[in-house]
Chemist: 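So that we are looking at the same thing, I have put the structure below in structure tokens.
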Amino acid sequence: MNAVEIEEAVSALARQPFDADEFPYAFLQAFGRKDVELKRLRKNNTSDVVGGVLRRDSIHIAVAAPGEVGATLAALRDSPKSAANRVKFLIATDGDEVQAEETATGEFRSFPLPELDRHFGFFLPLAGISAVRQIKDNPIDVKAVGRLNKLYLELLRENPDWAKEEKRPELNRLMARLVFCFFAEDTGIFIGDTLFTASIRQFSEDRAGLTNTDQVLAQLFLAMSTPTKENGNPTSRFRQAAGVKAYADVFPYVNGGLFEDAGAVPRFSRAARNYLLHAGELDWKEINPDIFGSMIQAVAEDDERASLGMHYTSVPNILKVLNPLFLDELNEKLGEAGDSVRKLRALRRRLSRIRVFDPACGSGNFLVIAYRQMREIEHEIVKRTGDDPKSVIPLTNFYGIEIKGFAAEIARLALLIAEFQADSRLISQQAARSMVLPLHKSGKIVEGNALRLDWLEVCPPAAPVTEERDLGGPTGQLALEESRLSDRDEVETYICGNPPYIWSNDQTAAQKEEIEISFSSRTKGWKQLNYVSGWFIKAAEYNSAHGAHSAFVSINTICQGQHVELLWPSLLRLGVHIEFAHTSFKWSNLSTNNAGVTVVIVGLSGNTKIRARPVLYSECENKAVERREAENISPYLVPGPDLIVRKASRPLAAVANMARGNMPYDGGNLLLSPEQVTAEIPTDRMSLVRRIFGSEEFIYGAVRYCLWIRDDVVDWAMETPSIAKRIGLTREARLRSSDVGAQALALTPHRFREMNAGNRLTIVIPAVSSENRPYLTAGLIGASDVLTNRNYGIFDGELWNLALLSSKMHLVWIATVCGRLEMRYSYTNTLGWNTFPVPPLTTQDKADLTRCAEDILLAREAHFPATIADLYDPEAMPDDLRRAHERNDETLERIYIGRRFRNDTERLEHLFALYTKMTASDAGPGKKSLSKSPRKRKEKAA
DNA sequence: GATCCGACATAGT
DNA sequence: ACTATGTCGGATC
């Protein structure tokens, strides 16, 4: 259940007659507990309080005798079972009053039962939704979205023609208008705090099956789009001429684009009318334009309705972008200005010339937060100078591109609401009301595809702000004056946002084409770029040509592995630099079903820098954010030069070759459990069975077998029916695949896609493994064992290679240049092993390293049967194994520089330097040519 | 013929 | 429902 559904269920419960026996279960049910769970709870209730029900890790709830609520809550609190079962909430009610306590915080609430729905945010953790302050104290956003969603669906049901593409904009506009009207009547923008809802209730009829709500709404909208004599200019068509009826004439002129014309209104069924009135009953004053906006976005999108838009960027994450991008610097300037009126006024002028542009703006979160923060700074300036408090920050300085029409509409509205709220809060309610109408121009939000639009047309090259404001809105006069005073001031542009991430395999043809347009002339590998790359290149182009600065939240792989060589040369060639960055952190917002993705934030400069030193932020274990200054931040988001490690098909250093394991591509038919081996494979065919290792088998010691059938023994293998059957099933599975490569493999169904194996021994390294272990866990498997594609192997290689793989040096290298799965290490031969810089090794070096590798293996063996996972548990790594690794590191690092490295930073610096040297001598003075050598290409063509 | 990747996937607890 | 930690196979080179 999402928050909206829970709100509805809780409201329903609050209205129901009180049933003492059932209430605890009904309560749990309202918070999304499943029927099976409730059934189990009824049978097996461990509460020791009379009338109590206890659910482990969740709640201890009891129905009290009339008037005994306080005593019952105390009993719940004192019950040893509450603590033992780590209960989150204690609740007691007698049917009239409710008392509740959150155990973790001690927060206490007491309220009449019918008001339960007002407090549902308090209990949201019961449903696994961690309540952020704003939602907890202010469930209005959730309620509002739920009710609008109902209305939207009902309107579509009643007016199927409005679901068509060409009608959608009108429906979107209608919803935005309604939100504005609800907001306006609750904030005193309309005179009388129920003017809008009451007018509808009063003047629209409610007869069975028929309402004229649409006509009434059309009248009200007509009034709001038509000037009165006082505020119209002489050419306006005034109310009377426009045919505005008397009951609508009490509404003010609003226009501002939102009410540009009367607009069409769809038919309202009786239910739709009720939903409309019901929505109007909420108190819209406290709406959060950011939260509400991102949630309401889902109302109009079929694919998002299930999650109800809980995937928006949270305010803390938005600030991680905006603060280093420009807000920190403004606050710094504010501090420096002190009480100097001249400096303060200059800073205020600067604020009026800052443009914020989000080319993936959704419902405008980033823009709204940026606006709010800028208003706070301006407010502080005004407090110190005593100047006119009317804001000089025009909404027209806020630009956006959004592909979904409804979201774009909401973004414009959200900015207007944010402005009104800022005026109310920072100046006065009265001033806010007097300034708000008629609405002036909101942010310039363009509906369209950001990768196909010309950003310069959306947000034209910096020019002084001289935009005529609509009929002297709140900031118009002052903004004009200011801009006249300071035409020579520079306009600053900051690009920000959270664009969509789609990896190359999941992109649609259209999306691929968009990437092609931006990248095909820049890089060969554009087909493998993540969709988000499109925003980076367009921002870099804009920055570099117009001195803007940009910062995006992005999937972290943009700064890892192959992406670095695919994307970053194109960016760096434009002369942009990483001005600040935030290293990987896990995406999170209010949602229970958070997107499973790890992100970075990358801030790009224009071709001039505003900061002397770039700043690198990273989240420590305790969630605090560490701030480091650096000479330069590399595309890998580590301090260091803009060095890019490119895939190599052979090792640069004189080390063994590494190949990938073997991909089954078998629908599970070539793989066997030990039981299947005993049951299906006759003893005289056991030579066809080998033990096979994926990452998991290697790390956890799980046992799995496979059919390993060389071409010369296929016929002999096929004699056994159970084996023949498995081969047949493999053929079918491969034929079913949509992949042409897989279908070709159907011709050799006895084979894995590859058949790589060692004759003597194989050095193994898992493709994906936990980042929590102190070393990469390479090891050995036997002569007859084989690998799946989840491992890389050095077949029949010398043991000193294992010493390299097991070293801190290698870990540091892999952690930096290879890709990651979330935070896991994602090892690859071409990026990690073949590029690993190793100095030339003497025979003695190799002998020393071989001994080190043997010692590591011996230390592991001493703990038989501990698995690799046991041995490298970060908390419990055995001392002798740790010492063996220490000796290995000591030996290897002496080979590099004659002593131990002081830390990982020094290790990485040295490795990068060595890499530069090795690639320079390798590719000659022309430096790395992107393509293969001419000779090789010819070979390929032949 | 060989691969890097995943607004992830899934087994445990 | 979190937490921990790696499957699997495809479009692409």
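A, B, ... follow the sequence lines: proteins, then strands. Residue 1 opens every chain.
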Chemist: Mind checking whether A:W708 and A:F752 have parallel, tilted or perpendicular rings, split at 30° and 60°?
Modeler: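 Ring orientation, 0 to 90° scale: tilted.
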Chemist: Quick one, which residues of residues 811-824 of chain A touch DNA chain B with a heavy atom under 4.0 Å?
Modeler: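 Contacting residues: A:G819, A:R820, A:L821, A:E822.
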Chemist: What do you reckon, do A:Y501 and the base of B:dA7 stack, with centroid distance below 5.5 Å and planes below 30°?
Modeler: yes
Chemist: Phosphate oxygens OP1/OP2 of C:dT7: is one of them under 4.0 Å from a side-chain N or O of A:T788?
Modeler: no
Chemist: I want to verify a distance call: between C:dC13, C:dG10, B:dC4, whose nearest atom is closest to the A:K527 side chain?
Modeler: C:dC13
Chemist: For residues A:Y501 and A:N498, is any side-chain donor paired with an opposing acceptor at under 3.5 Å?
Modeler: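 Yes, because at least one side-chain N or O of A:Y501 sits under 3.5 Å from a partner of the opposite role on A:N498.
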Chemist: Which one, B:dC4, C:dG9, C:dG6, comes nearest to the side chain of A:W503?
Modeler: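 Comparing B:dC4, C:dG9, C:dG6 against the side chain of A:W503, the answer is C:dG9.
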Chemist: Pairing check on C:dT5: which nucleotide meets the Watson-Crick or G-U wobble criteria with it, both distances under 3.5 Å?
Modeler: B:dA9
Chemist: Which class fits the ring pair A:W813 and A:Y915: parallel under 30°, tilted 30 to 60°, perpendicular over 60°?
Modeler: tilted
Chemist: Of A:L745 and A:R790, whose closest DNA chain B nucleotide lies nearer the 5' terminus?
Modeler: A:L745
Chemist: Of all the choices, B:dC4, C:dG9, B:dA2, which nucleotide is nearest to the side chain of A:Q562 once you look at every atom?
Modeler: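 For the A:Q562 side chain, the nearest candidate turns out to be B:dC4.
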Chemist: Go through B:dA7, B:dC4, C:dA11 for me and flag the one nearest to the A:R660 side chain.
Modeler: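 It is B:dC4.
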Chemist: Can you find an N or O donor on one side and an acceptor on the other, under 3.5 Å apart, linking the side chain of A:N498 with the base of B:dA7?
Modeler: yes
Chemist: By nearest atom, which of the nucleotides B:dG6, C:dG6, C:dC13 is closest to the A:Q528 side chain?
Modeler: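 The closest nucleotide is C:dC13.
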Chemist: Scan side-chain atoms only and decide if A:E514 and A:Y531 contain a donor-acceptor pair under the 3.5 Å cut-off.
Modeler: yes
Chemist: Which is more 5' along DNA chain B, the nucleotide nearest A:M658 or the one nearest A:D506? Just name the residue.
Modeler: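 Whichever sits nearer the 5' end wins; that is A:M658.
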Chemist: Just compare C:dT7, C:dG10, C:dT5 and give me whichever is closest to any side-chain atom of A:N772.
Modeler: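 Closest nucleotide among those given: C:dT5.
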Chemist: Is a donor on one side and an acceptor on the other found under 3.5 Å between the side chain of A:R646 and the backbone of A:Q562?
Modeler: no
Chemist: Checking contacts here: which listed nucleotide (C:dA11, B:dA7, B:dC4) is nearest the side-chain heavy atoms of A:V597?
Modeler: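 Between C:dA11, B:dA7, B:dC4, the one nearest the side chain of A:V597 would be B:dA7.
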Chemist: On a whole-Å scale, what distance lies between the P atoms belonging to C:dA4 and B:dA7?
Modeler: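 So the two P atoms sit 22 Å from each other.
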Chemist: Heavy atoms from C-beta onward define the side chain here; which of B:dC4, C:dT5, C:dT12 lies closest to that of A:K647?
Modeler: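 Nearest to the side chain of A:K647 among the choices is B:dC4.
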Chemist: Do A:T598 and A:E822 get their side chains close enough for a donor-acceptor pair, meaning under 3.5 Å?
Modeler: yes
Chemist: Evaluate A:E619 against A:K586 for salt bridge (Lys or Arg N to Asp or Glu O under 4.0 Å), listing each step before the verdict.
Modeler: CA-CA 10 Å; A:E619 200 170 87; A:K586 205 158 175 61; over 6 Å; no
Chemist: Taking the side chain of A:K512 as its heavy atoms from C-beta onward, which of C:dC8, B:dC5, C:dT12 lies nearest to it?
Modeler: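 The answer is C:dT12.
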